[in-house]
Each structure stands twice: as structure tokens, then as C-alpha cells.
2 protein chains.
Amino acid sequence: MAMDERARHLLKSLIEQHIANGVPVGSRQLAKGAGLNISPATVRNVMADLEDEGYLISPHTSAGRIPTHVGYRFFVDALLRVVPLSPESHQLLIHRLGHYIPDTEQVLHAATEVLSELTHMAGFVRVPRRANRTLRHVDFLALREKEVLAIFVTDKGDVENRLIRTEHALSAAELNQAANFFNESYGGRPLQEVIQHLQRDLQQSRHEMDRILRSAMELGEEMLEEDQQRMLIEGEFQLLDLPELAGSERLRELLNAVRQKRDLVHLLDGSMRGSEVRLFIGEESGFAPLSDCSVVSAPYVVDGEVLGVLGVIGPMRMPYQQIIPLVDGTAHLLGRALSQS
Amino acid sequence: MAMDERARHLLKSLIEQHIANGVPVGSRQLAKGAGLNISPATVRNVMADLEDEGYLISPHTSAGRIPTHVGYRFFVDALLRVVPLSPESHQLLIHRLGHYIPDTEQVLHAATEVLSELTHMAGFVRVPRRANRTLRHVDFLALREKEVLAIFVTDKGDVENRLIRTEHALSAAELNQAANFFNESYGGRPLQEVIQHLQRDLQQSRHEMDRILRSAMELGEEMLEEDQQRMLIEGEFQLLDLPELAGSERLRELLNAVRQKRDLVHLLDGSMRGSEVRLFIGEESGFAPLSDCSVVSAPYVVDGEVLGVLGVIGPMRMPYQQIIPLVDGTAHLLGRALSQS
DNA sequence: TATTAGCACTCCTGATGGTTGAGTGCCAAG
DNA sequence: CTTGGCACTCAACCATCAGGAGTGCTAATA
């Protein structure tokens, strides 16, 4: 049973009003606000139907109604018209992400921050995947007796290092030799390939120098795995003054969940497939602490490839028509910024 | 007018009770709890005196009394007996910080986390000063045309890197030469010295290669300056369910302040002088958002030198006699852990 | 002189109850 | 199908009241 035109209009109007005011919407209010020449009684009938079909719910008998996550979903899919980014927001985005910033980390930070600032919600950026990076350079430095610092550099300028304990002291010459071997054999190759090769080559060897190489390999592996976990989040506290979550119990849960990141990362990585903005509304995320929230995310593309995803976390009741283009725009700009650097 | 023995005992007892229960303490309660054979009326007289002298205050006419920050200060200075670390806490501390962990960053993280966990408050660690580190190694890598990645390594294994844009493309040989020059001239010298020398030497030169060196110098400067700002904080939201700050307004302020770090860092750096645990109780910090909180901090010592400070932020009403040894112990262990690595 | 019992007073807290207003569901008339 | 009417529900607000904890003060006591 499809919704008729009038019902859709009323649903749209109701959700818009609720987003604007945050209070349940009653039949009188809605009848007036919707602009249709229609009596509250009629509206009540329609609302009752919409409630039956799961789009609305009333917090208690004599309150108005508020949208369910199903209602919001229908709203964003079928009723919503996104508005273009406001000039001021666009300005600010350009200002923060449009310039050349040499450091990747800084760019990511700027993006997270700007998301949080412009939306007054929590902003996040999943760090770029490194899977397709290639190895640019390796260095082994003897820091002290039996301690070697391994440094990995990728072609994009990622630098990662690790302290390795060795059984015997190794001379600078030996380490140099190892580094040279490493660079000559593997320099310019994709990290993943390097690791696979090393895994095979080092399977059964037990030489001391091979231990260094093995550790180096582990470092490489960590570089690939580490960013499985990494994610920048800013403005979690903005979630504090969402009246809808005021009951501190749920709030704590949410903040903890956001802090943990693990499940969140999992959720987001699933949304890296397409190249479009994606929404998780309320329970849709299948992740309990988020069930009162919505997540708006968009993948960002660097040199033609989706490297990560960014977005915001906020209340279900958020101005989607503005948030969506904002997240989208930020994703584009971040992609561009990262392509330059 | 010194406080007589009985007054001190009562003050102590009152504060202990208030720390335990969180509610204002009345004369009846106190008379019973203090173990003295004394009537509530007498206690009232004493309490009135203590209030006059600024140690106590009553939230309203017919509530009991609670300590002021002056009261707490007297308490910790003159009345408090710290208890030894509980075996379980000690165990946990050892478990988390007693092992060898190669990565400095990880150790610092572990310390922050364990502080927050054991105290159920916000834990922080100021990152170690690098001022006295020496330069171990410098590398310049051409990443692309006109982009050079500079990598600095200190003797402790800190690695820092920076992307430098150049006007002209530089060959690998040229960069190598620059790095060699750098390493030969400055390797093994303290960072600060390196920077000073470079500042002098490069004052008026304008060669392309000198630009690289200058950028490298800036990187070095950043390494020294950066950690002026850096501080790890964990468990901020433990502060959420302090009943004393429930009014979300103050709470937001506090969380923001903690997030900003700037003033906090400033406050803490002042407390790196001595080698003892230090407390800032309430307004003592001279930092408005903290005026309802206490900060317990302790400097940590690596190789005989104070390199940083760590501690916790919590309500004024905290079990100081346990928190103090805990912070102290953590500082010792962190110092030890960092000496090894 | 220090301590204590007694007493009047203050003020928070929680319960009670009435009123108001928004909103609903249903029914019968248009 | 729409609408006005109507009875009903319920949260929110407010005033009131009793109870209780606690105080300060005073006068008696040891």
C-alpha cells in the first residue's frame, strides 16, 4: 500500500518541523505548517495511518508524533531535496582544505575539525589506506648496543619507525648492508608485495641479520594493519548537548563507543564500496550505542581510488539536506588535498 | 590562632566522611563518626569556628558542611596519611608499565590509560621533553619532483619527518651530499645546539640546498616546540558522572579546557620543578574551568632528569590518600620504563 | 569556662493534588 | 472522504504541606 501524495507531503512537513524544533509535532501544528487546506482531524487520520505503517511514533498519548528511523529513512530517500552548500560553508571549507598543506596528518586533522565545526556534531576521518603504497626507502640505525631503529618510508611520504632488539650488537656497516639489500630488492614495490616476498624468503632462515629483516617486515605489516584501526575524531563533546541523549547513561555508552572506534571503523569500512554519501539512521547501523544517532559518511577519492571515508555522527534529528552536501563536499576537497601532497 | 587538636580531628573526620559519601556532613553525623565522646552541640561550635576560618562552608542553612579548597589543602598538608599502594593496583601498574615496551609512544599511552583506569578519573601524561636529545641521523629523500622528505632521528629513537617543497628538482646525489654534510657536522650534538648553529650559519645564504637545510632546521625546531604542546589525556568522560559537576554548563567548559590543553600544559610545566607529587586543589590552579576540580601531578624522571609530568584530574572530593601514591608510583614506573627504552 | 540540652527557626525534599493545555481517538454529520 | 465536536489522556507546572535534617542561640550544668 503506497503512500498517497498527501501523506507524503504531511510526513515531509512533519519531519522538517521536528528537525527544526525538536519537539513532537501535533495535528494542529502540522495542519497549519503543511500549507494544505486541511483540518487537524484529517491530519490526525493520516498521522494514525503513518504511525501504523511505522513511520511515526508518539512518545506518549497526548504528545504529538516524532519520526521513527524508518520515517527518516523514507524521508531522506524519497522526500529530501538536498540544498547546495551555503556560500559561507563553502568558503570555510576552501579556506581550511583548499590550500596546499604538506603534511598528510595535518590535512586529515583539518578535515575532521572542519566537519565538526560546521555541523556542530562529531566529525571523523578514517585515515587513508596504505595498501597500495610502495616502499620508497628503508633505513636501519643502531641506536645503542643491541637496539636498532628501523625506518620505513613510502612513496607518499608516510614514515613509520620501530625499535628492534637484537641478540648481538650489529655494526653500522652490517646494518647499512642490510638496508641496501632491502632497498635494492624491494624499493619501489608495493608494500603488500614486499611483505609477501619477505614472508616467503625468511620462512626458515635464522640468521641474526634476518631477524632484523623480519622485524622490518613486521613493521611493514603494522603499517598496513595499523591504519585498519586509525580514525580521527573531533568534537565528540558536541554530542553532549543533544537533548535527545541527555540521559547520561546512553550518552556514556555512545562516547565510549566512539572512543573505542573498533566497531565504528568496521561499520564505516563497509561503506567504502560506492562513491556516494551514505547514511546510517538510528538502528540501521546495527550497532547499539548508535541507535539514537545517525551517521553520514562519504568516501574520499585520491588519484582515482577510494582511500578512506569521512563524515559526522549526530542525532537522528539533523538537518540532512545541509549535512549531506557538506560531508560530500568535504570528502571531495580532502581527496583533492591528498592528491596534491 | 592555631587549630586545637580536637578541631583538627573533627576537620579530618568531616573531610573523610564527605569524600566517602559526597554529601554535606552534619553535626550529629560527625559527632558519631569522629569517635570522640562529644555532643553534637559541641561539634556545632567547632564547626562554626572552622567555617569562620574558611575551612568549611555550608551549601545552605540547614545542610551540613562541606570542605572548601582551603579545607582540603589543610587536610592534605597536615592531616592526611597516604596509604601504601594496594597490592592489586601495584600489580596492575607493574603489569602495564613494568615490561619492556620498545615504543616510547606506547609507554606513554599505557601510563595515561592506567592512570585513568585505576582512578576512574581523567589521566594525563605530558610527553617527555626533547630539549636534551641529540641528533642521531638525518635523511633527505626525493619523493617527487621538487618534493623532499626530511627525516630527523634522535638518539632516543624519536623520528620526525617533514615534506619540503623546493623550487628546483634536486638529484639524489645532491640530497645525499646535503644529508652527509648534515650528519657529519651535527650528528651527535644536542638538538638545541644544532639549531642554534644552523640559525647562525644560514642567516644570509640563499642557495637552493641551503633552503633544504633551513627547512630541516625548522623541522628540528618543531620537534622541540611541538612537545611544548603535546599531552596525552585519557578518560575525560569519566568526569561526566561526577555529580558535583552535573550542571552541564560547567562540565562543557571543563571538557573543552581539557581538550584545549594549552593552559593545562602551562599549569603543569610550572610543577616540573620539584620531584614530588603536587596538588592543585580547586581554585588553586588559578584556572577557572578547573576551579571545581583537583589536579594531582608528579614529575617523572628519566636518567636522573625530570622529563615530564603526569597525573590525574578529578573532583576536589577524591580519595587523596590513595590517589597520591598511585600517581607517584606511576611516575616512577614510567620513568623506569623510559630509561630502558 | 567548656560542654550540653533544649528550642525555635530555616530550608531542602518529596508527596499530594489541582489546573492547564496540547493532543488524541472516535463518532456522527456534512 | 472530510470535518467539527467531544470526551479523554497525559505531561508539565504550580502551590501547598509535612517531614526531617541541621543550624544558631540561650540557658543550665559540670
Side-chain angles (χ1 to χ4, degrees), chain A residues 1-11 13-15 17-18 20-68 71 243-244 246-247, chain B residues 1-11 13-15 17-18 20-68 71 243-244 246-247:
Chain A
M1 54 166 66
M3 221 181 293
D4 72 3
E5 188 48 44
R6 193 178 58 183
R8 295 162 63 108
H9 182 83
L10 284 174
L11 179 58
S13 185
L14 185 147
I15 295 184
Q17 282 192 44
H18 181 252
N21 312 322
V23 292
V25 183
S27 54
R28 255 179 83 90
Q29 266 273 321
L30 184 54
K32 233 179 277 176
L36 304 176
N37 233 353
I38 221 175
S39 84
T42 312
V43 171
R44 278 203 287 283
N45 290 329
V46 179
M47 285 168 92
D49 290 349
L50 287 171
E51 180 161 8
D52 286 346
E53 288 161 44
Y55 296 109
L56 301 178
I57 195 170
S58 58
H60 60 85
T61 324
S62 79
R65 281 167 172 105
I66 58 177
T68 62
E244 30 264 278
Chain B
M1 53 168 64
M3 221 181 293
D4 73 1
E5 188 48 45
R6 193 179 58 183
R8 295 162 62 107
H9 182 83
L10 283 175
L11 180 58
S13 186
L14 185 147
I15 295 184
Q17 282 192 45
H18 181 252
N21 313 322
V23 292
V25 183
S27 54
R28 257 180 79 89
Q29 266 273 322
L30 184 54
K32 232 179 279 176
L36 303 176
N37 234 353
I38 222 174
S39 82
T42 313
V43 172
R44 277 204 287 283
N45 291 328
V46 179
M47 286 168 90
D49 290 348
L50 287 172
E51 180 160 6
D52 287 345
E53 287 161 46
Y55 298 108
L56 300 179
I57 194 170
S58 58
H60 59 83
T61 324
S62 80
R65 280 165 173 108
I66 58 177
T68 62
E244 30 263 278

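The figures that follow rest on heavy atoms only: side chains count, while hydrogens, waters and symmetry mates do not. Quantities reported herein were computed from a predicted structural model and do not represent experimental measurements.
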For [X] and [Y], which heavy atoms make the closest approach, and how far apart are they?
X       : Y       : value
A:Arg65 : A:Leu14 : O-CD2, 4.0 Å
B:Gln17 : B:Gln29 : OE1-OE1, 2.9 Å
A:Pro24 : A:Ile66 : CA-CG2, 3.6 Å
B:Ala31 : B:Ser39 : CB-C, 4.3 Å

Inset, instruction - Determine the contact category for B:Ala63: base if any of its heavy atoms lies under 4.0 Å from a base atom, sugar-phosphate if only primed atoms, P, OP1 or OP2 are that close, otherwise nothing. - result: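 Sugar-phosphate contact only - B:Ala63 comes under 4.0 Å of backbone atoms but never of a base.
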Inset, instruction - Would you sort out whether B:Leu10 and B:Met47 count as a side chain to side chain contact (heavy atoms under 4.5 Å, CB included), showing the intermediate values? - result: CA-CA 8 Å; B:Leu10 283 175; B:Met47 286 168 90; over 6 Å; no
Legend entry - Any B:Ser27 side-chain nitrogen or oxygen under 4.0 Å from OP1 or OP2 of D:dT23: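 Yes, within the criterion.
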Inset, instruction - Give a yes/no answer on whether the side chain of B:Arg6 brings an N or O atom under 4.0 Å of OP1 or OP2 in C:dT3. - result: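 Yes, because at least one side-chain N or O of B:Arg6 sits under 4.0 Å from OP1 or OP2 of C:dT3.
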Identify each atom pair where a protein N or O and an N or O of nucleotides 11-13 of chain C are less than 3.5 Å apart, giving names and distance.
{"residue": "C:dC11", "atom": "OP1", "partner": "B:Thr61", "partner atom": "OG1", "Å": "3.4"}
{"residue": "C:dC11", "atom": "O2", "partner": "B:Ser62", "partner atom": "OG", "Å": "3.0"}

Side-chain ([X]) to main-chain ([Y]) donor-acceptor, under 3.5 angstrom:
X       : Y       : answer
B:Ser58 : B:Gly64 : no
A:Ser27 : A:Val43 : no
B:His18 : B:Val25 : no

Inset, instruction - Rounded to the nearest 0.5 Å, what's the gap from CG on B:Asp49 to CE on B:Met3? Could you check? - result: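 Nearest 0.5 Å value for the CG-CE distance: 10.0 Å.
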Legend entry - Residue A:Ser39, side-chain heavy atoms: nucleotide from D:dT2, D:dT3, C:dT4 that is nearest: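 Nearest nucleotide to the side chain: D:dT3.
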Legend entry - Side chain of A:Asn45 (C-beta onward), nearest among C:dC26, C:dT4, D:dT3: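 Side chain of A:Asn45 sits closest to D:dT3.
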Rounded to whole angstrom units, what separation is found between the [atom1] atom of [X] and the [atom2] atom of [N]?
X       : N      : atom1 : atom2 : answer
B:Asn21 : D:dA21 : CG    : P     : 15 Å
B:Arg65 : D:dT23 : CZ    : C1'   : 7 Å
B:Leu56 : D:dT23 : CG    : P     : 10 Å
A:Ile66 : C:dG23 : CD1   : C1'   : 15 Å
B:Met47 : D:dA21 : CE    : C1'   : 12 Å
B:Asp52 : D:dT23 : CG    : C1'   : 14 Å

Inset, instruction - Scan residues 28-38 of chain B against DNA chain D and write down, sorted by residue number, each residue with any heavy atom closer than 4.0 Å; if none is found, say none. - result: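 None - not one residue of the stretch has a heavy atom sitting under 4.0 Å from the strand.
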Legend entry - Earlier contact from the 5' end, DNA chain C, for A:Gly64 and B:Val43: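 Comparing both residues, the 5'-ward one is B:Val43.
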Inset, instruction - Establish whether the base of D:dG4 is bridged to the side chain of A:Arg44 by a donor-acceptor pair shorter than 3.5 Å. - result: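 No.
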